[in-house]
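In what follows, a structure is listed as structure tokens, so that the remarks can point back to it.
Since the structure is predicted, the reported quantities are computational estimates derived from the model, not experimental observations. Side chains are part of it too, since the values below use all heavy atoms of this structure and drop only hydrogens, waters and symmetry mates.
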Amino acid sequence: MIKSLVLPCKALKFPSAKFEGSNQLRHKGKKMELTITRPDDWHLHLRDGELLQAVVPHSASHFARGIVMPNLKPPITTTAAAVSYRESILKALPAGSDFTPLMTLYLTDTTNPNEIKLAKRSGVVYAVKLYPAGATTNSQDGVTDLFGKCLPVLEEMAQQNMPLLVHGEVTDADVDVFDREKVFINTVLQPLIQRLPQLKVVMEHVTTKDAVKFVESCKEGFVAATVTPQHLLLNRNSLFQGGLQPHNYCLPVLKREIHRQAIVSAVTSGSKRFFVGTDSAPHERRRKESSCGCAGVYSAPVALSLYAKVFEEAGALDKLEAFVSFNGPDFYGLPRNTSKIKLSKTSFKVPDCFSFPFGEIIPMFAGETLEWQPSFN
């Protein structure tokens, strides 16, 4: 197990305490405490090798389960590869951790419908991820012909009740990067839903009011969306304030403020169609701060604090539990967690970085002060 080095980049610590009850907001002296069902992360990048060992404890300490993305090198395209990757994750977990990785397959033009049957029978693969070729990190092996070569696979997924997780961007060079989600909805996602209405689809990391409107227009229980901390809290100005900010760069890219506001309104409304997907995507610092920086925001250590911040500012703390703990498992047809987590409104400073033998990882909101510290029963 790779351990953080004791350097100026301090470890983030969460106090432990016993508690009881569910979805309870109470005052303990002058401190507010919120008790909710333990959440899950329905969109997570754990990488592999040294990076996996470094970052998995952060997610495992906050979430009970995580839908693990398959865009490794090489990608996780078969059930056998998913089972092997799952074993690597379990071996990297801290002692005593009960975190459960929920595996996914990487859809390609050559994926066979029989692989979907194997995945369903495995009991460890829960979804298939659609990356349009070239859309994001390690997506070069992604789909180029969804309605041709991939249609038999999609039909089998509908039969097996296997969700399709969609990176919702077109990759056409003539489409503006800020419009790629909207164009994808109109040219790919809407026709897909019309052609296969029984296919369960998760539009991952939605970024626009167009995506919110589309998800809300679909049949509940068949189309849903994950939402990241960065798309709830940041807009595209955050990429440039005070100079170029590589650690705020992600794909899909941050959008205008009107889109951020629309996403906040959707998730804090109490809608069952939206749930947590941090899209926590670690990269070593030198890969972010380079002449061609990687896309991805590392939010795992602070995601719950940031979601609580959003809901508090919207006056919707009573709806936080459904968003982080109920909507995801309900959509996937999995049981809700029974353990609890307590969020205490206590200020803490986010570490400037996390240091490891291979380098540093910069977390979201590095060096800033946040509230709502989580602890477990």
After noting the C-alpha distance and the side-chain angles of Lys345 and Glu312, does the key distance pass the salt bridge (Lys or Arg N to Asp or Glu O under 4.0 Å) rule? CA-CA 11 Å; Lys345 194 170 184 183; Glu312 181 184 28; 2.5 Å; yes
Glu181 and Thr207 side chains, donor-acceptor separation under 3.5 Å: yes
Is it true that Thr136 and Ser139 share a donor-acceptor pair across their side chains at a distance under 3.5 Å? no
Step by step, work out the side chain to side chain contact (heavy atoms under 4.5 Å, CB included) result for Val276 and Leu304. CA-CA 9 Å; Val276 163; Leu304 289 181; 5.8 Å; no
Between His247 and Gln245, is a side-chain hydrogen bond (donor to acceptor under 3.5 Å, both in side chains) present by the stated rule, with each step listed? CA-CA 6 Å; His247 298 287; Gln245 301 296 324; over 6 Å; no
Pairwise salt bridge (Lys or Arg N to Asp or Glu O under 4.0 Å) hits with a residue in residues 95-120, at least two apart: Arg38-Asp98
Side chain to side chain contact (heavy atoms under 4.5 Å, CB included) assessment of Met69 paired with His43: CA-CA 7 Å; Met69 293 295 111; His43 186 119; 3.6 Å; yes
For Asp41 and Thr278: C-alpha separation, side-chain torsions, deciding distance, then whether side-chain hydrogen bond (donor to acceptor under 3.5 Å, both in side chains) applies. CA-CA 6 Å; Asp41 186 348; Thr278 65; 2.5 Å; yes
Leu239 side chain reached by Leu254 side chain, heavy atoms, under 4.5 Å: yes
Does a donor on one side chain and an acceptor on the other come within less than 3.5 Å for Thr37 and Glu321? yes
Could you name each residue pair satisfying side chain to side chain donor-acceptor pair (under 3.5 Å) that touches residues 268-277, not counting sequence neighbours? none
Side-chain donor-acceptor pairs of residues 216-227 under 3.5 Å, sequence neighbours excluded:
residue	atom	partner	partner atom	Å
Ser217	OG	Phe214	O	2.6
Thr226	OG1	Glu204	OE1	2.7
Thr226	OG1	His205	N	2.9

Assess whether atom NZ of Lys182 is packed by more than 12 heavy atoms of other residues, nucleotides or ligands within 6.0 Å. no
What do you reckon, is CZ of Arg287 surrounded by more than 12 foreign heavy atoms closer than 6.0 Å? no
Which heavy atom in Cys250 sits nearest to a heavy atom in His231, and how many Å separate them? SG-NE2, 3.9 Å
Worked check of side chain to side chain contact (heavy atoms under 4.5 Å, CB included) between Val153 and Asn112: CA-CA 6 Å; Val153 173; Asn112 190 288; 5.8 Å; no
Given Lys309 and Glu313, is the salt bridge (Lys or Arg N to Asp or Glu O under 4.0 Å) satisfied, shown in steps? CA-CA 6 Å; Lys309 170 182 171 68; Glu313 290 176 352; 2.8 Å; yes
For Thr108 and Asp141, does a side-chain donor sit closer than 3.5 Å to a side-chain acceptor? no
Are Leu44 and Val202 connected in the hydrophobic side-chain network, where two residues link if heavy atoms are under 4.5 Å apart? no
Correct closest heavy-atom pair for Ile89 and Met103 would be CD1-CE, 4.0 Å
Do the side-chain N and O atoms of His259 and Glu257 include a donor-acceptor pair separated by under 3.5 angstrom? no
With a 6.0 Å cut-off on the ring centroids, do Phe323 and Phe275 count as close? no
Is the ring centre of Phe354 less than 6.0 Å from the ring centre of His58? yes
Trp42 ring center near Phe331 ring center (under 6.0 Å): no
Start with the C-alpha gap between Leu234 and Phe365, add the side-chain angles, then the distance that decides, and say whether side chain to side chain contact (heavy atoms under 4.5 Å, CB included) holds. CA-CA 11 Å; Leu234 306 177; Phe365 277 46; 4.0 Å; yes
Looking only at heavy atoms, which two atoms of Thr35 and Lys342 are closest? And how far apart? OG1-CG, 4.3 Å
Output field: ring centroids Tyr106/Tyr131 closer than 6.0 Å: yes
Residues Arg285, Glu360: salt bridge by 4.0 Å N-O rule: yes
Looking only at side-chain N and O atoms, does Gln160 offer a donor or acceptor that is under 3.5 Å from a partner on Glu156? yes
